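So the structure is just underneath, and the comments pick up after that.
Naming convention: chains lettered A, B, ... in sequence-line order (proteins, then strands); numbering from 1 in each chain. Just so you know, these numbers come straight off a predicted model, no measurement behind them.
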2 protein chains.
Amino acid sequence: MQAERITSVALDPAAPITPQIYAQLRDAIIRNRLAPGDRISETEIARTWSVSRQPVREAFIRLASEGLLAVLPQRGTIVSRISYSAVLNARFLREAIEADIAKILAQDPDPDLVRELRDQLEAQEKLAATSPKDFIALDEQFHRTLADGAAKRGAWKLIEGLKSQMDRVRFLSLGHFPVGKLIEQHRAVVDAVEQGDINATETAIRSHLREVLIDLPQIHAAQPDFFDVPEGGVPEPVNAPTQGGNDP
Amino acid sequence: MQAERITSVALDPAAPITPQIYAQLRDAIIRNRLAPGDRISETEIARTWSVSRQPVREAFIRLASEGLLAVLPQRGTIVSRISYSAVLNARFLREAIEADIAKILAQDPDPDLVRELRDQLEAQEKLAATSPKDFIALDEQFHRTLADGAAKRGAWKLIEGLKSQMDRVRFLSLGHFPVGKLIEQHRAVVDAVEQGDINATETAIRSHLREVLIDLPQIHAAQPDFFDVPEGGVPEPVNAPTQGGNDP
DNA sequence: ACTTCCATACTTCCATACTAGTCAGGTTTG
DNA sequence: CAAACCTGACTAGTATGGAAGTATGGAAGT
């Protein structure tokens, strides 16, 4: 079948097998080496790594619960197509959570944290010219640092799960996304936090997270087979207002 | 062992077994019929329902990923203690998400939705005098309706997972929590949404969600064995400001 | 009394066999 | 000729046996 693309790394027979299978498959799916819509089977994957079906099956269960695989009972298992609405939904949730995190930071700015973030900004600019693949890692580090700074590591763990859906899109859009602009927005967040301006911080983080998937429609148009548009037409994103309100 | 408390319901041998085991165990844990710290084993549970160990194992995996079980390799499986910080974290996340949902609703109030919510408020008041157990179901319905009204069903699905941690606490506090006050707060949310007052809506939903676990310290003091306090002392909750900001 | 070793009875993890549902294609039947 | 019906090659779901790791209690040695 098409599973030769994931044979790359050998397994450590001493370590637990299930998590290794899980990690390999997850990586293959997020990086689109396993294309959305591909059919795979427990037996096939088990043969690929010369293990039994059991650990493969358990890895499938975990991947299915993340929405990366769809297990059809007695019929087969397919790599989920990228759900347009799930991606928008993940972005919405991420925005809601990170907005609150950022507000906590601005409420009581920590100079050490600001310094750490500014260091990261420098590193990001150094990589701006080079591979965008590395930038994704730095971007992840930046947002994780924000969560840790607000003592919300648990929140980040949840965001990681949401990110898997968004990252599939980002790996499709590699090459043409505006690294410079993203860095500028990162800087705006840090500035607002440093000044303790809660409103400005919220606005900055929200507009940043809306920028991340700005080219989703183009990517969808370029590779519609990778996507699963629920029914007729592309859903419109609905977001909360960027700031508090506008009473009459 | 202590597993006789979950023998209650028989299984349908025709339907898939794994989800049935999962649901039964989840229910038993959340309602504290299986006490935090209890040791259970695949073999034991399998015997209880006269099935093989395999579906039990798969149910264990799902429960462990939700944080309700802790599987220690080659050692055993225990019912997770209620993590104090995980509960606070779940509440923080829920507040962030539901605040944005409520703001969307207030942005463009839907009269049909408001009517539906007011009907639910009536039903809640009718049950206020009777069993608080039933109120929890209505409360859940209320919040789910808010999410659906903002077309964020996906968000609700995630909140359901978070709620499992919080619900364990609520089932411990049954009997003495302020149903009337909660209903009053529900009404405040509906009022604010109806008036399209975004700030008031946000304030209402946030203070409501902070009320829900108001008696967490007492519950913890009453049954400390059920809890797992990470290290020395009870963590302080840190929340985002209830509204936008306060620039200098 | 105290430590070390080892047998034993657990546990989860992995491999294998079997069951049952699904689908595609050829065959038979009306 | 068409439609219904077998049939065999898949699939995931379940059952069961054995492997490897871990805790525990008692025997042996210091």
How long is the line joining [atom1] of [X] and [atom2] of [N], in whole Å?
| X | N | atom1 | atom2 | answer |
| --- | --- | --- | --- | --- |
| A:R39 | C:dA24 | CZ | C1' | 12 Å |
| B:I78 | D:dT22 | CD1 | P | 16 Å |
| A:R75 | D:dA12 | CZ | C1' | 12 Å |
| A:R47 | C:dC14 | CZ | P | 20 Å |
| A:F60 | D:dA12 | CZ | C1' | 10 Å |

- Message: Run through DNA chain D and report every stem of 3 or more consecutive Watson-Crick or G-U pairs, distances under 3.5 Å, ordered by first number.
- Response: C:1-30 with D:1-30
Check [X] against [Y] and note the closest heavy-atom contact, atom names and distance.
| X | Y | value |
| --- | --- | --- |
| A:A150 | A:I101 | CB-CG2, 3.9 Å |
| A:A99 | A:I205 | CA-CG2, 3.8 Å |
| A:R168 | A:N32 | O-ND2, 3.3 Å |

- Task: Check the pair A:D27, A:R33 against side chain to side chain contact (heavy atoms under 4.5 Å, CB included), reporting the backbone distance first and the verdict last.
- Result: CA-CA 8 Å; A:D27 192 68; A:R33 285 205 305 276; 3.6 Å; yes
- Partners of B:R144 by salt bridge (Lys or Arg N to Asp or Glu O under 4.0 Å), sequence neighbours excluded? none
- Item | Between A:Q120 and A:E116: side-chain donor-acceptor atoms closer than 3.5 Å |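 Present: a donor and an acceptor within the cut-off.
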- Task: Using a cut-off of strictly less than 4.0 Å, decide whether A:T77 has a side-chain nitrogen or oxygen near OP1 or OP2 of D:dA12.
- Result: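 Affirmative; the distance criterion is met.
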- Can you label the angle between the B:H220 ring and the B:Y84 ring as parallel, tilted or perpendicular, going by 30° and 60°?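 Answer is perpendicular, since the angle exceeds 60°.
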Close N or O pairs between protein and nucleotides 13-17 of chain D (under 3.5 Å):
{"from": "D:dG13", "atom 1": "OP2", "to": "A:R57", "atom 2": "NH1", "distance (Å)": "2.4"}
{"from": "D:dG13", "atom 1": "OP2", "to": "A:R57", "atom 2": "NH2", "distance (Å)": "3.1"}
{"from": "D:dG13", "atom 1": "O4'", "to": "A:Q74", "atom 2": "NE2", "distance (Å)": "3.3"}
{"from": "D:dG13", "atom 1": "N7", "to": "A:R53", "atom 2": "NH2", "distance (Å)": "2.9"}
{"from": "D:dG13", "atom 1": "O6", "to": "A:R53", "atom 2": "NH1", "distance (Å)": "2.8"}
{"from": "D:dG13", "atom 1": "O6", "to": "A:R53", "atom 2": "NH2", "distance (Å)": "3.2"}
{"from": "D:dT14", "atom 1": "OP1", "to": "B:I17", "atom 2": "N", "distance (Å)": "2.6"}
{"from": "D:dT14", "atom 1": "OP2", "to": "B:T18", "atom 2": "OG1", "distance (Å)": "3.0"}
{"from": "D:dA15", "atom 1": "OP2", "to": "B:S52", "atom 2": "N", "distance (Å)": "2.9"}
{"from": "D:dA15", "atom 1": "OP2", "to": "B:S52", "atom 2": "OG", "distance (Å)": "2.6"}
{"from": "D:dA15", "atom 1": "O5'", "to": "B:S52", "atom 2": "OG", "distance (Å)": "3.3"}
{"from": "D:dT16", "atom 1": "O4", "to": "B:Q54", "atom 2": "OE1", "distance (Å)": "3.4"}
{"from": "D:dG17", "atom 1": "O6", "to": "B:R53", "atom 2": "NH2", "distance (Å)": "2.4"}

- Message: Check whether A:T77 reaches the backbone of A:S41 with its side chain - one donor and one acceptor, N or O, closer than 3.5 Å.
- Response: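 Side chain of A:T77 to backbone of A:S41: no pair is present.
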